[in-house]
Amino acid sequence: MSHTHIAPTMASDDDFDTGTLTKVKPKTAKPPLYKVLLLNDDYTPMEFVVHILERFFGLNATAAEGIMLTVHTKGLAVVGVYAHEIAETKVTQVMDYAQRNQHPLQCTMEKE
């Protein structure tokens with residue numbers, strides 16, 4: 001009775017990745033950005049919305065008026081895109097200012 005003997009084979013170079021190991025620097029992930037949105041309502045005066053856009057978003061009168069008209073006709077508009085903390089601050093500033101001036105203007109943020 002003969003036994004078949006299988007000899008272990010040496011792995012050839014083809015079996016291994018012999019590429020140079022390089023240290024990969026972890027890429028700094030960009031923080032997610034957030035859109036700040038103004039929502040239309042039937043009570044906040046257009047002039048007040050323009051004022052908000054100029055005061056809190058640094059827009060000139062023409063740009064502010066254009067965005068205000070977008071809010072008015074489409075129901076909402078993106079007024080800026082920021083890192084989370086900045087977006088949150090802008091929303092809070094706008095909401096506080098609108099409330100202090102007895103306007104129901106709504107400002108929200110959402111992940112881009």
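Shown here for Ala87 and Tyr82, the closest heavy-atom pair between the two residues is N-CB, 3.7 Å. Residues Leu33 and Ala83 share a closest heavy-atom pair of CD2-N, 3.8 Å. Here the closest non-hydrogen pair linking Ala61 and Glu54 is CA-OE2, 3.2 Å.
Judged purely by atom type and a 3.5 angstrom limit, Asn101 has no side-chain atom pairing as donor or acceptor with the backbone of His103. With hydrogens and angles disregarded, a donor-acceptor distance shorter than 3.5 Å links the side chain of Thr70 to the backbone of Gly66. With hydrogens and angles ignored, the 3.5 Å screen pairs no side-chain donor or acceptor of Lys35 with any backbone N or O of Gly80.
Side-chain contact between Met109 and His84 is present, with at least one heavy-atom pair separated by less than 4.5 Å. For the pair Thr108 and Val91, the minimum side-chain heavy-atom distance is 4.5 Å or more.
Taking CG of Asn40 as the start and NZ of Lys74 as the end, the distance is 13.0 Å to the nearest 0.5 Å. A distance of 5.5 Å separates CG in Leu53 from CG in Leu38, rounded to the nearest 0.5 Å. Here the straight-line distance linking atom CG of Leu37 with atom CD of Gln106 works out to 12.0 Å at 0.5 Å rounding. The structure places NZ of Lys90 at 16.0 Å from CE of Met95, a figure rounded to the nearest 0.5 Å. Between the SG atom of Cys107 and the OH atom of Tyr97 there is a distance of 14.0 Å, given to the nearest 0.5 Å. Rounding to the nearest 0.5 Å places NE2 of His51 at 14.0 Å from CE of Met68.
Side-chain heavy atoms closer than 4.5 Å link hydrophobic residues (I, L, V, M, F, W, Y) into clusters, and following such links, possibly through other members, connects Phe48 to Val79. If you chain together hydrophobic residues whose side chains sit under 4.5 Å apart, Leu59 and Met46 fall into the same group.
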Can you list the steps and then say if Val94 with Phe57 is a side chain to side chain contact (heavy atoms under 4.5 Å, CB included)?
CA-CA 10 Å; Val94 170; Phe57 298 93; 3.7 Å; yes

Report the C-alpha distance between Val36 and Val81 in whole Å, list the side-chain angles of each, state the deciding distance to 0.1 Å, and finish with yes or no for side chain to side chain contact (heavy atoms under 4.5 Å, CB included).
CA-CA 6 Å; Val36 174; Val81 179; over 6 Å; no

For a side chain to side chain contact (heavy atoms under 4.5 Å, CB included) check, start with the C-alpha distance between Leu76 and Val71, then their side-chain angles and the critical distance, and finish with the verdict.
CA-CA 4 Å; Leu76 62 86; Val71 172; 5.8 Å; no

Please evaluate residues Glu110 and Tyr34 with respect to the criterion side chain to side chain contact (heavy atoms under 4.5 Å, CB included), reporting the C-alpha separation (whole Å), side-chain torsions for both, the decisive distance (0.1 Å), and the verdict.
CA-CA 5 Å; Glu110 66 181 40; Tyr34 291 81; 5.9 Å; no

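Shown here is His72, whose NE2 atom has no more than 12 heavy atoms of other residues, nucleotides or ligands within 6.0 Å.
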